[in-house]
Amino acid sequence: DQQVKQNSPSLSVQEGRISILNCDYTNSMFDYFLWYKKYPAEGPTFLISISSIKDKNEDGRFTVFLNKSAKHLSLHIVPSQPGDSAVYFCAASRGSTLGRLYFGRGTQLTVWP
Amino acid sequence: KAGVTQTPRYLIKTRGQQVTLSCSPISGHRSVSWYQQTPGQGLQFLFEYFSETQRNKGNFPGRFSGRQFSNSRSEMNVSTLELGDSALYLCASSLGGAGEKLFFGSGTQLSVL
């Protein structure tokens with residue numbers, strides 16, 4: 001059963017605008033959330049993470065927001081650039097299963113000029 | 001610091017054969033995990049090893065097995081290959097603690113004919 005869900009398989013955004021990628025989860029035991037970016041034929045690359053005790057974490061153009069009551073998190077990319085075009089995966093971890101991440105199915109982001 | 005190295009990069013096998021994939025983690029990382037990626041399915045967790053012990057296991061049949069050596073290098077074996085085993089197999093390493101981000105290799109693309 002999919003404990004981390006990304007309900008939008010694709011998102012198209014114009015260069016310079018904001019990209020918002022969404023993620024929902026079902027397991028309240030998750031205590032860390034991470035976002036990964038993946039290009040074709042490459043492994044995922046870590047982007048940004050957030051602990052469940054925080055509601056926001058920012059790193060340059062990337063900001064992750066966590067709403068624990070709604071079991072929802074989002075990744076904001078501002079401003080979006082064509083090089084951001086990739087598949088973005090949301091992932092979660094919990095203390096009882098160290099070393100394992102639970103991934104969503106990904107959202108394909110396309111940033112057009 | 002060298003990244004996670006997976007070999008081989010591509011592999012073609014026929015049904016019924018077996019295959020062994022190799023993964024060399026980042027130096028100092030004691031946790032190695034394996035994921036299977038198929039189109040539209042995201043990253044499905046196979047298993048995770050920490051200091052030569054399997055610490056977590058996903059919901060895959062017993063045909064999928066792995067091991068970790070004293071130098072933290074890991075191998076994954078799939079016996080009696082089926083057409084549905086065609087996928088990108090990703091290895092990731094980490095320090096293995098709570099909330100630790102995973103560093104992924106480029107993967108092994110396995111095609112079963």
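In what follows, chains carry the letters A, B, and so on, assigned in the order in which the sequence lines appear, proteins first and then strands, with residues in each chain numbered from 1. Side chains included, hydrogens not; waters and symmetry mates left out as well; all remaining heavy atoms used.
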* From CZ (A:R100) to CG (B:L46), nearest 0.5 Å ->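 If I round to the nearest 0.5 Å, the distance is 10.0 Å.
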
* **Spacing of A:F103 atom CZ and B:L102 atom CG [to the nearest 0.5 Å]** =>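 Output value for this atom pair is 6.0 Å.
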
Portion of [X] that has a non-hydrogen atom of chain B nearer than 4.5 angstrom:
X      : value
A:A41  : both
A:S93  : side chain
A:L101 : both

Can you confirm whether [X] is buried at [atom1], in the sense that more than 12 heavy atoms of other residues, nucleotides or ligands lie under 6.0 Å from that atom?
X     : atom1 : answer
B:K13 : NZ    : yes
B:I12 : CD1   : no
B:N59 : CG    : no
B:R15 : CZ    : no

* For the candidates A:P44, A:P9, A:G43, A:G106, which exhibits the highest count of non-hydrogen atom pairs separated by less than 4.5 Å from chain B? ->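 Option with the greatest count: A:P44.
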
* To do: With a 4.5 Å cut-off on heavy-atom pairs, point out which of A:R105, A:K38, A:Q2 contacts chain B the most.
  =>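 Among the listed options, the one with the most contacts to chain B is A:R105.
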
With hydrophobic residues grouped by side-chain heavy-atom distances under 4.5 Å, do [X] and [Y] end up in a single group?
X     : Y     : answer
A:I48 : A:L73 : yes
A:I20 : A:L11 : no
B:L81 : B:L11 : yes
B:L88 : B:L43 : yes

Between [X] and chain A, which part of the residue has a heavy atom less than 4.5 Å away: side chain, backbone, both or neither?
X      : result
B:Q37  : side chain
B:Q109 : neither
B:Y35  : side chain
B:F45  : side chain

* Asked: Given the rule in the side-chain contact (heavy atoms from CB on, under 4.5 Å) test, do A:Y36 and B:K101 qualify, once you have shown the distances and angles that lead to the verdict?
  -> CA-CA 10 Å; A:Y36 281 81; B:K101 60 189 179 190; 3.9 Å; yes

